[in-house]
Structure formats: C-alpha cells, structure tokens
Amino acid sequence: VTIGVGWAAQRDTTGGSIDEHRLYDMCLDIENESGKSPNLIVCSLTQYKKLAAVLANKRVLNDLSDKMGHQGLVLEHDSGPIPVIWDRLIKDDMVYVLNTDCVELRKRPMSGMATVGGDILMPDYINDNDRYVITYRCYGDFFIEPTYQGVFDGLDT
C-alpha cells in the first residue's frame, strides 16, 4: 500500500553543525506539515555540548525529572519552550526532534515484572552490596507517527 509523501518524518541530511536556527526551522516545518509542534529534542552528548555552547547566552536549565531525569537546555519556540536532552544511546551525528504525544509503546502479552526463582527482588551480588534489582520485561513495539517527528543526521562530530 502506498502511504504517500505526507507520511514521512522531516529529515535534514545536509550535515554540518547544528545550531538554533536549524532546530527552530525544523520545528516550524514539522508544525506546518502535521499541525502539532514538537515537544522534545533528543541528541547525543556530543551534539548536546555543541548546542549548549550555541545557546550559552540563552541557557535555561530546568528540572526535567518527568522526561528521563536529565537536566536539559530549552529551545524557545513559538509554541513554547522545547526541552533539549541527551541520551548515550543516540549516535554522535544525530539529533531527533520529537512529539512524544505521537509516540506510543504498544505492549504485547507477557509483559510485566520478571522473576527469578519466584522472587521479584533479586540481590545485586555483583557489586557486593545491599542493593536489590527489580526487573521489568516488556515485549512490544514503539509506534511512531512519522509526520510529527524530525531527524538531523550526518552532523559534524
């Protein structure tokens, strides 16, 4: 089934350096295409440091404990501030511009607390301390509506 041109994420593969203007423009393009503004920018630590330098005179650190527990920068946008956070699992040359309202984890059966030998709390003997580990297992897929998302790749590292 042909989905069509409108069912794709905004993509910038021109490389180079990331800056406030490129992020701002992509946010506007996503909002124009989908009708909704992004609400989160996620990047590697490499790109985060570059953005922190670019936004140095506008830096606003705020508590983002509801979004992965990081402290983050903020990109001021027409629709309001958009938090910028980093994640160690993102490639160094990428930045994602996301609308988390349009990302959904669809769980499958058999998801839930994982037990070992019938115990949910498992001693953490590896580090030889009194900590316990609780494991949650989830089988599922993320459903991401692409028209509400954007990505930069091939950026300078």
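Only this structure's heavy atoms are used, side chains among them; waters, hydrogens and symmetry mates stay out.
Using a 4.5 Å heavy-atom cutoff, the side chains of K50 and L155 are not in contact. In this structure the side chain of I41 never reaches within 4.5 angstrom of the side chain of Y96, judged on heavy atoms. Using a 4.5 Å heavy-atom cutoff, the side chains of V84 and V74 are not in contact. A 4.5 Å side-chain heavy-atom check between E31 and H77 finds at least one atom pair inside the cut-off. Side-chain contact between L98 and V42 is present, with at least one heavy-atom pair separated by less than 4.5 Å.
Minimum heavy-atom separation, L40 to I82: N-CG2, 3.5 Å. Looking at every heavy atom in both residues, F152 comes nearest to L23 through CE1-CD2, 3.7 Å. Among all heavy-atom pairs drawn from S17 and D156, the shortest one is OG-OD2, 3.5 Å. Nearest heavy-atom pair, L51 versus C43, reported as atom, atom and distance to 0.1 Å: CD1-SG, 4.4 Å.
Cluster annotation: V97 and L28 are assigned to distinct hydrophobic clusters (Ile/Leu/Val/Met/Phe/Trp/Tyr, side-chain heavy-atom contacts under 4.5 Å, transitive).
Remark: D87 CG to L89 CG distance equals 5.0 Å, nearest 0.5 Å. One distance of note links CZ of F143 with CZ of R106; it measures 5.0 Å at 0.5 Å rounding. Atom CG in L105 sits 8.5 Å away from atom CG in D141 (nearest 0.5 Å). Rounding to the nearest 0.5 Å gives a distance of 6.0 Å between CD of Q10 and CD of E33. The CG atom of D153 lies 4.0 Å from the CZ atom of R11; values are rounded to the nearest 0.5 Å. In this structure, C27 SG and L75 CG are separated by 5.5 Å, a value rounded to the nearest 0.5 Å.
Under a 4.0 Å N-O distance rule, the pair R22/D12 qualifies as a salt bridge.
No donor-acceptor pair closer than 3.5 Å links the side chain of Q47 to the backbone N or O of I18. Between the side chain of S44 and the backbone N or O of D92, at least one donor-acceptor pair lies under 3.5 Å.
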What's the verdict on side-chain contact (heavy atoms from CB on, under 4.5 Å) for Q149 and V103, showing C-alpha distance, side-chain angles and the deciding distance?
CA-CA 9 Å; Q149 322 300 333; V103 176; 3.8 Å; yes
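Taking a 6.0 Å sphere around OH of Y24, one finds it holds more than 12 heavy atoms contributed by other residues, nucleotides or ligands.
Identified under the ring pair (Phe, Tyr, Trp, His ring centres under 6.0 Å) test for residues 27-47, with sequence neighbours left out: none.
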